[in-house]
Number of protein chains: 2
Amino acid sequence: MVNYEAELDAIFMALGHPARRAMVVRLSKGEATVGELAQPLEMSLPAVTKHLKVLERAKLISRSKNAQWRPCRLEQAPLKSASDWIEDQRKVWESRLDRLDSYLHTLHTNSKKGAKK
Amino acid sequence: MVNYEAELDAIFMALGHPARRAMVVRLSKGEATVGELAQPLEMSLPAVTKHLKVLERAKLISRSKNAQWRPCRLEQAPLKSASDWIEDQRKVWESRLDRLDSYLHTLHTNSKKGAKK
DNA sequence: TTCGTAATTAACCATACGGTTAAATTAAAG
DNA sequence: CTTTAATTTAACCGTATGGTTAATTACGAA
């Protein structure tokens, strides 16, 4: 059984910055070069390069070569992993009977304090 | 029209740490106190308190009071926002015709190399 | 009031992030 | 071979993260 924790760390962390999410949004529509990704962002090109490295580390993007361009493309798997993880938690959360849970927790806490009610 | 960017920053960033995801997993099954959340984690209680603040900042959890305990409960909305954002991108990505897109991009790049802009 | 437990705050430290400017790299085009 | 364009690397800087230990707060129980 594989441990996905480190991958999820990198994926969620990468998505936790607006510039990087903007790049993902752009790339979901198709390949783009560094310059194209940088154009709408208010930051220097080296800053963009750093963000791309973070996305690459999370395997959210892959890169190719075309002359002096290094086009980026979105990879589907990491987004799916992240989405799956969240949905797993939501399923557990949703299937839980909140009122009953709260009631049982209260009972449990009270019994520890000395069984009253 | 509201700008969700800052909220998503906080949510994804919060999910980008294994200890905090472990807390979310635990809380998806029901309320827990700080001590209960800390128990399986190999870190000090103050460290746990800090992680809880990050989760609170992202509104992923809310807290109540019960004597000297401060039980935490998972909130559904942020997880849904994050999941929705990812699924939006995946939908765009999936509906795209990858081969055609690459082809058009190549054409575009080549035309730029010939006729400057 | 005093004691014990749960949790937080304070102070501190090392490292990671996120940005900058300047220099270097890489490859097409004259 | 020189120039120009796209991108990366290097060096630097301020702030945020993530952790620690020690002290403090908050509350119930004795």
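Numbers restart at 1 for each chain; the letters A, B, ... are given by sequence-line order, proteins then strands.
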Exercise for review: Please examine the side chains of B:Gln39 and B:Val34, heavy atoms only from C-beta on, and report whether any two atoms are closer than 4.5 Å.
Suggested key: no
Revision key, fill the gap. Residues A:Asp9 and B:Pro18: closest non-hydrogen pair is OD1-CD, 3.2 Å
Study note, to complete from the structure: Closest heavy-atom pair, B:Glu36 versus B:Thr33, reported as atoms and distance to 0.1 Å, is OE1-N, 2.8 Å
Review point. Rounding to a whole Å, what distance do you find between B:Leu41:CG and C:dA7:P?
Key: 13 Å
Revision key, fill the gap. When rounded to whole Å, the CD to C1' distance for the pair A:Gln68 and D:dA6 reads 6 Å
Check your understanding: Looking only at side-chain N and O atoms, does A:Arg63 come under 4.0 Å of OP1 or OP2 in D:dT8?
Key -> yes
Study note, to complete from the structure: 5' to 3', nucleotides 9-19 of chain D under a 4.0 Å protein heavy-atom cut-off (B base, S sugar-phosphate only, - none) gives B-B-----SSB
Exercise for review: Would you mind reading off the distance between B:Gln39 atom CD and C:dT5 atom P, rounded to a whole angstrom?
Suggested key: 17 Å
All N/O donor-acceptor pairs, side-chain side in residues 44-59 of chain B, below 3.5 Å, sequence neighbours left out:
unit_1: B:Ser44; atom_1: OG; unit_2: B:Ala47; atom_2: N; d: 3.4
unit_1: B:Thr49; atom_1: OG1; unit_2: B:Leu45; atom_2: O; d: 3.3
unit_1: B:His51; atom_1: ND1; unit_2: B:Arg20; atom_2: NH1; d: 3.1

**Study point:** Shortest non-hydrogen contact between B:Leu60 and B:Ile11, atoms and distance
**Key:** CD1-O, 4.2 Å
Check your understanding: More 5' along DNA chain C: B:Gly35 or A:Lys65, using each one's nearest nucleotide?
Key -> B:Gly35
Check your understanding: Tell me: CG of A:Asn66 to C1' of C:dA27, nearest whole Å?
Key -> 11 Å
Review point. Which nucleotide in the set D:dC27, D:dT7, C:dT8 lies at the smallest distance from any side-chain heavy atom of B:Ala67?
Key: D:dC27
Practice item. May I have all residue pairs that pass salt bridge (Lys or Arg N to Asp or Glu O under 4.0 Å) and include part of residues 74-83 of chain A, sequence neighbours excluded? Key: A:Lys80-A:Asp84
Exercise for review: Whole angstrom is fine here: how far is it from CH2 in B:Trp69 over to C1' in D:dC27?
Suggested key: 9 Å
